[in-house]
Amino acid sequence: MAPKMRTRGTTRSLQSSNDEETKTNAHSEDSPLEVGQALRGKRKASGSGNTGKQESSKARKSPERPQYCHWLMKSEPESRLENGIDVKFGIEDLKTLPNQTGCWDGVRNYQARNFMRDMKEGQHAFFYHSNCKEPGIAGVMKIVKESYVDHTQFDKKDVHYDATSKADNPKWSMVDVQFERMLKRFIPLSELKKIHLQHKAKGGSLNGMALFTRARLSVQPLTREEFEFVLSLEDNNPL
DNA sequence: GCCAACGTTGGC
DNA sequence: GCCAACGTTGGC
């Protein structure tokens with residue numbers, strides 16, 4: 001493996017992939033849940049799901065979560081220490097890994113985790129730079145391995161070690177991502193925000209973009225329309 | 001199951 | 001560095 005670095009909290013870190021456990025498959029049934037669609041308003045107390053277990057109640061019957069096939073994943077491109085460890089991991093760092101591929105570990109938020117569990121091989125995700133001088137979308141990556149157990153949850157030395165997660169029932173998952181390309185130009189959050197506001201007022205593709213409606217989620221879904229709209233901005237002049 | 005306290009995210 | 005937004009925890 002390789003280096004490892006992490007991003008904050010829910011965001012991720014990475015290391016080269018390799019699978020040790022390819023078969024682990026986290027997915028299992030344990031499913032997830034929460035949220036997805038539900039969350040509408042504010043978080044309802046019941047939590048959204050939360051902990052892996054409780055959702056059981058049957059409340060949710062439907063395995064029906066809307067099927068998304070495009071994603072946005074946040075990571076911090078600038079150095080920042082968390083428990084003495086640098087969590088920096090920008091798109092340039094991903095390019096540096098063997099095969100330009102790494103595992104997106106360190107996600108410790110159930111909604112974000114569940115979105116990763118929904119990811120399918122071959123789908124695309126934007127690499128978003130957060131908590132930095134110029135936040136925004138830097139490039140595109142591809143999901144190259146579907147969700148499996150995030151080993152960092154059991155590593156006491158890791159920033160995202162989770163003492164509450166048991167080996168026989170791991171809480172956290174990760175996927176492997178491969179760098180695909182940089183955007184032709186960096187699309188800053190400020191520009192996306194202006195467009196979002198316009199679209200909210202008069203209609204448009206970025207009307208309900210999760211980046212604004214669920215700002216703190218580090219792994220979020222995009223509709224095809226949103227994904228394509230963002231890509232179309234590459235050829236425009238900055239707003 | 002409710003909800004106040006607490007912790008984290010992440011823009012600014 | 002500040003702090004608003006919001007997810008999580010835990011008492012009751």
Side-chain angles (χ1 to χ4, degrees), chain A residues 5-14 32-60 65 71-91 93 104-117 125-138 150 152-153 158-166 169-174 186-197 200 206 208-222 230 238-239:
Chain A
M5 19 223 43
R6 20 227 11 146
T7 3
R8 137 182 303 180
T10 312
T11 325
R12 87 230 169 338
S13 60
L14 264 311
L33 6 140
E34 29 200 312
V35 176
Q37 51 257 47
L39 240 341
R40 44 200 93 259
K42 347 257 341 348
R43 57 302 244 355
K44 53 186 9 303
S46 39
S48 10
N50 357 324
T51 272
K53 36 192 47 304
Q54 23 223 40
E55 37 218 344
S56 40
S57 21
K58 52 214 16 290
R60 68 203 35 324
R65 321 179 71 217
W71 313 94
L72 178 148
M73 302 169 89
K74 300 178 182 177
S75 186
E76 302 182 35
E78 296 174 4
S79 288
R80 186 175 62 80
L81 299 187
E82 196 171 310
N83 300 335
I85 297 172
D86 192 353
V87 298
K88 168 184 185 293
F89 189 80
I91 196 163
D93 298 299
W104 206 266
D105 61 27
V107 171
R108 297 293 182 267
N109 168 281
Y110 293 106
Q111 293 177 207
R113 175 202 71 178
N114 291 343
F115 283 130
M116 284 201 296
R117 289 180 176 185
F126 286 130
F127 194 124
Y128 178 89
H129 282 169
S130 68
N131 205 24
C132 54
K133 202 66 78 48
E134 171 123 80
I137 298 175
D150 177 349
T152 66
Q153 66 198 298
D158 195 280
V159 192
H160 301 293
Y161 170 66
D162 181 356
T164 71
S165 183
K166 313 290 250 63
N169 185 194
K171 287 188 179 175
W172 309 110
S173 303
M174 63 187 182
F186 180 83
I187 310 286
L189 174 64
S190 57
E191 177 172 347
L192 292 169
K193 182 180 285 180
K194 287 178 200 159
I195 295 169
H196 165 68
L197 290 174
K200 212 161 56 137
L206 301 193
M209 193 179 189
L211 193 56
F212 304 103
T213 60
R214 307 184 51 192
R216 296 178 28 190
L217 244 199
S218 66
V219 175
Q220 40 183 261
L222 281 84
V230 172
L239 249 197

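Predicted, not measured: the structure shown is a model, and the values here were computed from it. Per chain, numbering begins at 1; letters A, B, ... match sequence-line order.
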Visitor: Compare the minimum distances between each of C:dT8, B:dC12, B:dG10 and the side chain of A:Y110, then state the nucleotide with the smallest one.
Guide: C:dT8

Visitor: In whole Å, what is the span from the CD atom of A:Q220 to the C1' atom of B:dG10?
Guide: 12 Å

Visitor: Can you sort out the partners of A:Y161 under side-chain contact (heavy atoms from CB on, under 4.5 Å), two or more places apart, ordered by chain and number?
Guide: A:K156, A:A163

Visitor: Check nucleotides 3-5 of chain C for protein N or O atoms closer than 3.5 Å to its own N or O atoms and list the pairs.
Guide:
| residue | atom | partner | partner atom | Å |
| --- | --- | --- | --- | --- |
| C:dA5 | N3 | A:R216 | NH1 | 2.9 |

Visitor: Is the shortest side-chain N to carboxylate O distance from A:D162 to A:R108 below 4.0 Å?
Guide: no

Visitor: State which residues pass side chain to side chain donor-acceptor pair (under 3.5 Å) with A:S190; sequence neighbours excluded, sorted by chain then number.
Guide: none

Visitor: Taking only Lys NZ, Arg NE, NH1 and NH2, and the carboxylate oxygens of Asp or Glu, determine whether A:R80 and A:E82 approach each other closer than 4.0 Å.
Guide: yes

Visitor: Is A:Y128 near enough to B:dG11 that one of its side-chain N or O atoms lies under 4.0 angstrom from OP1 or OP2?
Guide: yes

Visitor: Please give, in whole Å, the distance from B:dG11 C1' to A:E134 CD?
Guide: 12 Å

Visitor: Atom CD of A:Q111 to atom C1' of C:dT8: distance rounded to whole Å?
Guide: 11 Å

Visitor: Sequence neighbours excluded, which residues qualify as side chain to side chain donor-acceptor pair (under 3.5 Å) partners of A:Q153?
Guide: A:S165

Visitor: State which residues pass side-chain contact (heavy atoms from CB on, under 4.5 Å) with A:K200; sequence neighbours excluded, sorted by chain then number.
Guide: A:H196, A:L197, A:N207

Visitor: Name all residues meeting the side chain to side chain donor-acceptor pair (under 3.5 Å) criterion together with A:S79; count only those two or more places apart in sequence or in a different chain, and write none if there are none.
Guide: A:D86

Visitor: Without decimals, in angstroms, what is the distance between A:F212 CZ and B:dC12 P?
Guide: 9 Å

Visitor: Using a cut-off of less than 4.0 Å, is there contact between a side-chain N or O of A:K74 and OP1 or OP2 of B:dG10?
Guide: yes

Visitor: What integer distance in Å separates A:L81:CG from C:dG1:P?
Guide: 13 Å

Visitor: Expressed in angstrom and rounded to an integer, what is the separation of A:K193 atom NZ from B:dG11 atom P?
Guide: 8 Å

Visitor: Atom CZ of A:R80 to atom C1' of B:dG11: distance rounded to whole Å?
Guide: 13 Å

Visitor: For A:E76 and B:dG10, give me the distance from atom CD to atom C1', rounded to whole Å.
Guide: 8 Å

